[in-house]
Undergrad: 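A single structure is presented below for examination.
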Amino acid sequence: MRGKLVLIFSVRYTHFAMLNKDIADLLGNVAAAYTIKDENKFRFQIIAYQKAASSIENSSTQISNLIKENKLGTLPGVGPSIREHLKELVKKGKVRHFEWVFKGIPDSVFPLLKIPSLGPKTAYKLVKSFNLKNPVTVITDIKLIAMEGKISKLAGFGEKSEKDILQVINEYEKGKNKAKRMTLPFAFQIAENIITHMRKSKDVIRVEALGSLRRMVPTVGDIDIAASTKHPRNVINHFTNYPYVERVLEKGDVSSSILVSGGHQVDLMIQPENSFGSLLQHFTGSKSHNIHLREYALKKGLSLSEYGIKKVPDKESQIKKYDSEDKFYKDLGLAWIPPELREDTGEIEQAAKGKLPILVDLNDIKGDLHVHSNFPIEPSHDLGKSSMEEILEKGKTIGYEYIGFAEHNPSFSKHSSSEMYKIIENKRKKIEQLNSGKKYIRSFNLLEVDINTRGVLPIDDRVLNLLDFAIVSIHTSFGLNKKEMTNRILKGLFHKKVKILGHPTGRMINERDEYELDWEKILNFCYKNKIALEINSWPNRLDIDDLIIRKAVDKNVKLAINTDSHAAYQMANMKFGIALAKRGWAKKSDIINTFSYNELSEWFNS
DNA sequence: GCCGTTTTCGGCCCGACTGTTTTCAGTCG
């Protein structure tokens, strides 16, 4: 989207707020325009605008709110100059400086940048050569021109590139509506299938999933796989012969990319065994972590790559190879950095000081406090599928000490207060009975209680007092604004039996955005009243994200990592919640379900 | 245009792959 279009929108819709994605696109287009104008002259502006764009796209707070709170400068990569441009953008709907950068570049260039393999130079050349001016039709225009065989006649283009352009446009049009980012667990499954295929080759020594998958980012774009071998060519061939390949995108000496069914891209990189450590490091990323790490190394006169480390000034110097990541980081004077932290948010500085936190681990978890059993509670939402006994058995196999049974509250509209009391009393008796013997691990009597639109809980105090404690969460009316939603939640948290705020942002990946909250207020309230925020491990919730977790950890607000399971086998999703917690720099002591049964009982009674 | 373990000035990661080229430009991660 370009400046002009933005202006039209903001005039037409007085309340039209530019979302971070739109702003990131706009800054990306500024970088592209600079590239077209003069790549060498503006090379550092290009890098700066790209960096700012990706920073804004990944920000969990809307730019308009950051401006209101005067916190725009806290975003990495946004300095005084871009900050002023963004203020102008939000205020006036356009930016004078951007208009200057865009001058002479047709609007029709920018839609083409969405298509893989078409960059600014190529897009500009095509648009100019064929005088294409309409940004709405430009993609189909190019397609028709390619079909007429006119692109191959252009200097710098040939038959192959013409064919490639047709192909990527077709794929783009086909996948435009579906190829969204995968949820982490879904991507894991695809990666697992490919790794299984790779292990069938006798030439593969080691094979691992890296990239955002290894960093455990909640959504994954491409899947990255690394392998070690003595015979790269055989391994690359084996890779491109994967049975579910839709198309081979690239096939080189040490790397290859394929599209698998569903349109997901898988990248493979290869190194010999003795350089596998530096390959792990390189291919795990993130990109910004690697760039920062390489700048850091450069200052010590070292140059890093997937091949290893070499000394910069000495042209004769041999590259030093690494079979493990540990040694790689060590030679830079750094502690090994857990992949979940490699997002360039201060981890390199802390590693240099030897002050990285010891992160919570799956083995630290002593129970799951948000499990829905099939106890006949006549709930407002889904009932679980497994019995309490099955869930307790499963918990025991995992090595837990306790389970929190947190079914949805009995539906408000269908039950009188005394009926509700009766149901919960029955459940309480059932749990007392389960706890009385030695057969099972311990159970907590909990409920997941809705917070209605006005912040009221649909069950009264008498019922609440039957519980060990309550989780409260939002399942309706997601459209409230930031202030209304914050007040609604604060009100819902007020009862002394409430100890956990469930899936706090309400997001459903690829389905529903999170609602915005005043986190400052929520966190302060939780700290004062000893309420834990839930880290929900449900595959398409993965809620809350790492940035909020980190804020909570900084403010000493406790967290609970739960699976929200509706069947016993789903309790295995705990590992995804753990990953989120790690990404938020959480330690064992930050997580209440690392406490023993007694410690936890004491915590929620205090 | 951003940023700070040597810096408020002077740096800015490193490499693979492809197509169209006879040594490189463009794109990507």
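In what follows, every heavy atom counts, from backbone to side chain, and hydrogens, waters and symmetry copies are set aside.
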Undergrad: Any heavy-atom pair between the side chains of A:Ile258 and A:Tyr244 that's under 4.5 Å?
TA: no
Undergrad: Just call it for A:His289: base, sugar-phosphate, or nothing, with non-hydrogen atoms closer than 4.0 Å on any strand.
TA: nothing
Undergrad: Hey, does the side chain of A:Asn58 reach the backbone of A:Ser54 with a donor-acceptor pair shorter than 3.5 angstrom?
TA: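 A pair under 3.5 Å: yes.
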Undergrad: Kindly compute the distance separating CD (A:Glu162) from CD1 (A:Ile151), expressed to the nearest 0.5 Å.
TA: 5.5 Å
Undergrad: What integer distance in Å separates A:Lys353:NZ from B:dT5:P?
TA: 9 Å
Undergrad: Does anything in residues 335-349 of chain A come within less than 4.0 Å of DNA chain B? Heavy atoms only, and list the residues if so.
TA: none
Undergrad: CD of A:Gln45 versus C1' of B:dG1: gap in Å, rounded?
TA: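 Going from A:Gln45 (CD) to B:dG1 (C1'), I get 6 Å.
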Undergrad: Would you check if the side chain of A:Ser278 reaches a backbone N or O of A:Glu306 as a donor-acceptor pair within less than 3.5 Å?
TA: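 Flag set: sc A:Ser278 to bb A:Glu306 pair under 3.5 Å.
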Undergrad: Please work out if A:Leu304 contacts a base, only the sugar-phosphate, or nothing of the nucleic acid, heavy-atom cut-off 4.0 Å.
TA: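 Counting heavy atoms under 4.0 Å across all strands, the contact made by A:Leu304 is with sugar-phosphate only.
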Undergrad: Which part of the nucleic acid, if any, lies within reach of A:Ile82 when heavy atoms closer than 4.0 Å are counted: base, sugar-phosphate only, or nothing?
TA: sugar-phosphate
Undergrad: Under 4.0 Å: is that the gap between some side-chain N or O of A:Tyr296 and OP1 or OP2 of B:dC13?
TA: no
Undergrad: What is the ring orientation for A:Tyr329 with A:His289, classed by angle as parallel under 30°, tilted 30 to 60°, or perpendicular over 60°?
TA: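 Tilted, since the angle between the ring planes falls between 30° and 60°.
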Undergrad: Quick one: label A:Tyr49 by what it contacts on the DNA or RNA (base, sugar-phosphate, nothing), any heavy atom closer than 4.0 Å.
TA: sugar-phosphate
Undergrad: Does A:Ser255 have a side-chain nitrogen or oxygen under 4.0 Å from the phosphate oxygens OP1 or OP2 of B:dC17?
TA: yes
Undergrad: Starting at CG of A:Asn290 and ending at P of B:dC12, how long is that distance when rounded to a whole Å?
TA: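 It is 17 Å, rounded to the nearest whole Å.
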Undergrad: Give me syn or anti for B:dT21, where syn covers glycosidic angles within 90 degrees of 0.
TA: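 In terms of base orientation relative to the sugar, B:dT21 is anti.
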Undergrad: So what does A:Ser303 hit on the nucleic acid, given a heavy-atom distance under 4.0 Å: a base, only sugar-phosphate, or nothing?
TA: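 Since only primed, P, OP1 and OP2 atoms lie under 4.0 Å of A:Ser303, the category is sugar-phosphate.
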Undergrad: For nucleotides 19-29 of chain B, just jot down a letter per nucleotide in 5' to 3' order: B, S or -, based on protein non-hydrogen atoms under 4.0 Å.
TA: SSS----SSSB
Undergrad: Please check if the side chain of A:Ser201 supplies one atom and the backbone of A:Met198 the other of a donor-acceptor pair under 3.5 Å.
TA: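 Here the side-chain-to-backbone pair does not exist.
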Undergrad: Between A:His85 and A:His97, what is the ring plane arrangement, given parallel below 30°, perpendicular above 60°, and tilted in between?
TA: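 Judged by the thresholds at 30° and 60°, the geometry between A:His85 and A:His97 is parallel.
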Undergrad: Would A:Lys37 pass as a cation-pi partner of A:Trp100, given that its NZ or CZ must be under 6.0 Å from the six-membered ring centre and within 45 degrees of the axis?
TA: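 Here A:Lys37 passes the 6.0 Å and 45° test against A:Trp100.
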Undergrad: When you measure from the side-chain N and O atoms of A:Ser81 to the phosphate of B:dG1, is any distance below 4.0 Å, counting only OP1 and OP2?
TA: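 Yes, such a contact exists.
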Undergrad: I'd like a list of close polar pairs between nucleotides 6-11 of chain B and the protein, N/O only, cut-off under 3.5 Å.
TA:
from: B:dT7; atom 1: O4; to: A:Lys299; atom 2: NZ; distance (Å): 3.3

Undergrad: Over 60° means perpendicular and under 30° means parallel, so classify the ring planes of A:Tyr49 and A:Tyr34, tilted if in between.
TA: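 Correct class here is tilted.
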